[in-house]
K.L.:
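The structure follows.
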Amino acid sequence: MTKKTDNGSSTLKKWILAAIMVLVPIAVTIIEPSAMGLEGITAIQQRMLAIFLFAALSWIFELFPAWVTSIAVIALIALTDSDSAFYFYQHQKFPNQEAGNLLKSSNVLKSFGDPSIVLYIGGLVMAVTASKIGLDAKLARAILHPFGKKPANVLLGVMLATGILSMFMSDTATTALMIGMMTPVFVSMGDDTKGKASLALSVTFAALIGGMGTPVGTPPAMLAFNAINNPNGLNLHVSFAMWMVIMIPLCFALIFLAWRVLVRMFPFSVKEVEIVFVNKASSRRDLIIVVATYAITIFLWVTQGLTGVNNSVAALVPVVILSIFGIFTAKELNQLPWAVLWMFAGGLALGDGMDKVGLSSFLIDKVPFGAMSPIIILIVSALICWGLSNFISNTGTAALMIPVLTAMAVSMGDRLAPVGGGLTIIMGIAISASMAMSLPVSTPGNAIAYATGHVTQKQMARAGIVIGLIGLIIGYLFITVASKLF
């Protein structure tokens, strides 16, 4: 009897959540903008806001797989806000409301071929082929040997290695590389589902945190560094080395924090992690080709500034070379997690659509930063950046907010001195964007971790929210003090 009651309660809960997920976005489209305090919003922006709310609620409620939501998002944008939308939507608006500019449907569909997805595929190809020939086990053992066999220590070793690598190469590339190496570690852990979740999350979280350590580690850090030193911006003359002196200690502190949270949230049940070599019967020729391809690709990822080859284009190198030599075949191609690729494409389409129709800038402009006290500016800007970055590109969010906050910081001048000045505000955005790690669509790295199948969306949300919010508090306190010392 109790079981039937529980099933009935569960079904009722799902229907209530489904109703909220559908009715809230519909309400946003049919209510006059002035009644919602959104005067000046165009019809297209209003519909895009409704799609954003649908996506956010759907990803949070998890009533169906995340990739289904993403495909629905792409379809909704194309059908309501593009030049291929139903004629009704192309002309529908409230009286005295501007219609806004329609998106190009071809651009909406291009999200499937976004450079981030190409980078993701390249990393997956490297991971699959490394596993095929047994290289992943050799690399994992070499990296983790100094940390022994105790699971918690192994986890810390993975996070430190990932964080350091991510300071000098893309956080996405680092995650793809490290997740590939962790395959034999996952195998050695048997049925320890919580431990596997902890390990998968540790890689993407450490890559995001480590990317803040240098101005080239992650795009939000690069954008913040440029704004801080731009003669037309803050013009503070912060050197590359000074950035590292401030941010690297913070990165290690946050990696340690994330490690403790993961160990506590997802305790290991295994007592030791032993990486067992399995003879994959691969030829010496294949091993040499894969190692050489790894070396070429990593070199291109690390030296983007010297070669001019961006990370996504470099990610095509292993796809081409390994396919030509028959190491990556149609069999391995079918093993790639295409559902996760679709899921991430939806997040990209949503972020790009919000940017192109001007919804993101419209919402940011609604925030009266100039009328706020310095401490409130810090809190509000941090939460807005962190919140948006959990649903759309952290790079896009930083690119949107940094110019607004830079102009505000210049105009306020010494009024921001109590919180460390404009340096704290702008460096804080790099931290806020990098600490957005709550959903598989938040970053390509999160999508890669989710694709392992060892971590659920709910587990990622729990850990990501806790680490993200605590990280924001520690990060802002740290740079506020550091900015006064420098």
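Values below: all heavy atoms of this structure, side chains included; hydrogens, waters and symmetry mates excluded.
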K.L.:
Among residues at least two apart in sequence or on other chains, which ones pass ring pair (Phe, Tyr, Trp, His ring centres under 6.0 Å) with F186?
P.N.:
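Once residues adjacent in sequence are excluded, the partners of F186 under the ring pair (Phe, Tyr, Trp, His ring centres under 6.0 Å) criterion are H454.
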
K.L.:
Please check if atom CZ in F112 has more than 12 non-hydrogen atoms from other residues, nucleotides or ligands closer than 6.0 Å.
P.N.:
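For F112, atom CZ is crowded (more than 12 foreign heavy atoms under 6.0 Å).
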
K.L.:
Taking atom CE of M21 and atom CG of L63, what is their separation to the nearest 0.5 Å?
P.N.:
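Going from the CE atom of M21 to the CG atom of L63 covers 5.0 Å.
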
K.L.:
Taking atom types as modelled, find out whether N390 and S438 have a side-chain donor-acceptor pair closer than 3.5 angstrom.
P.N.:
yes

K.L.:
Please name the pair of heavy atoms, one in I479 and one in M247, separated by the smallest distance, quoted to 0.1 Å.
P.N.:
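Smallest interatomic distance, heavy atoms only, reads CG2-SD, 4.2 Å.
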
K.L.:
For E332 and T129, indicate whether the former's side chain and the latter's backbone hold a donor-acceptor pair under 3.5 Å.
P.N.:
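No: the side chain of E332 does not pair with the backbone of T129.
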
K.L.:
Is there a side-chain contact between S269 and K194 in this structure, where contact means two heavy atoms from C-beta onward sitting under 4.5 Å apart?
P.N.:
no

K.L.:
Return the set of residues passing ring pair (Phe, Tyr, Trp, His ring centres under 6.0 Å) with F61 (not counting sequence neighbours), or none when no residue passes.
P.N.:
none

K.L.:
For S111 and V108, indicate whether the former's side chain and the latter's backbone hold a donor-acceptor pair under 3.5 Å.
P.N.:
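Flag set: sc S111 to bb V108 pair under 3.5 Å.
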
K.L.:
With the side chain counted from C-beta on, respond yes when M265 and V466 share a heavy-atom pair under 4.5 Å apart, and no when they do not.
P.N.:
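The answer is yes; the side chains approach within 4.5 Å.
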
K.L.:
Going by atom types alone, do S432 and Y476 pair a side-chain donor with an acceptor below 3.5 Å?
P.N.:
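Note: S432 and Y476 side chains meet the donor-acceptor criterion.
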
K.L.:
Would you say that L254 contacts M212 through its side chain, given a criterion of any heavy-atom pair below 4.5 Å between the two side chains?
P.N.:
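Answer yes - side chains close enough.
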
K.L.:
What heavy-atom pair brings F362 and L38 nearest, and what distance separates the two atoms?
P.N.:
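Shortest heavy-atom separation between F362 and L38 comes out as CZ-O, 3.8 Å.
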
K.L.:
For atom CG of D191, decide whether the heavy atoms of other residues, nucleotides or ligands shown that lie under 6.0 angstrom number more than 12.
P.N.:
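No, the 6.0 Å shell around CG holds no more than 12 heavy atoms from other groups.
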
K.L.:
Would the distance check show the side chain of D171 and the main-chain N or O of S166 forming a donor-acceptor pair, the cut-off being under 3.5 Å?
P.N.:
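Such a contact is absent between D171 side chain and S166 backbone.
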
K.L.:
Ignoring hydrogens, what is the shortest heavy-atom contact between L350 and W59? Give both atom names and the distance.
P.N.:
CD2-CZ3, 4.1 Å

K.L.:
State which residues pass salt bridge (Lys or Arg N to Asp or Glu O under 4.0 Å) with D352; sequence neighbours excluded, sorted by chain then number.
P.N.:
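So D352 forms a salt bridge (Lys or Arg N to Asp or Glu O under 4.0 Å) with K356.
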
K.L.:
Taking the side chain as everything from C-beta on, heavy atoms only, tell me whether L316 gets closer than 4.5 Å to I121.
P.N.:
no

K.L.:
Any ion pair linking E272 and K150 (charged N to carboxylate O, less than 4.0 Å)?
P.N.:
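No.
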
K.L.:
Is any side-chain heavy atom of L57 less than 4.5 Å from a side-chain heavy atom of V24?
P.N.:
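Yes, at least one pair of side-chain atoms sits under 4.5 Å.
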
K.L.:
Which heavy-atom pair separates I426 from I402 by the least distance, and what is that distance?
P.N.:
CD1-O, 4.1 Å

K.L.:
For A200 and A449, work out which heavy atoms get closest and say how close.
P.N.:
O-CB, 3.6 Å

K.L.:
Please name the pair of heavy atoms, one in V273 and one in S188, separated by the smallest distance, quoted to 0.1 Å.
P.N.:
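Nearest pair, atom of V273 first, then S188: CG1-OG, 3.6 Å.
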
K.L.:
Are F240 and W243 close enough that their ring centres sit under 6.0 Å apart?
P.N.:
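That pair fails the under 6.0 Å test.
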
K.L.:
Would you mind reporting whether I474 and L250 have side-chain heavy atoms less than 4.5 Å apart?
P.N.:
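Side chain of L250 against side chain of I474, heavy atoms only: contact under 4.5 Å found.
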
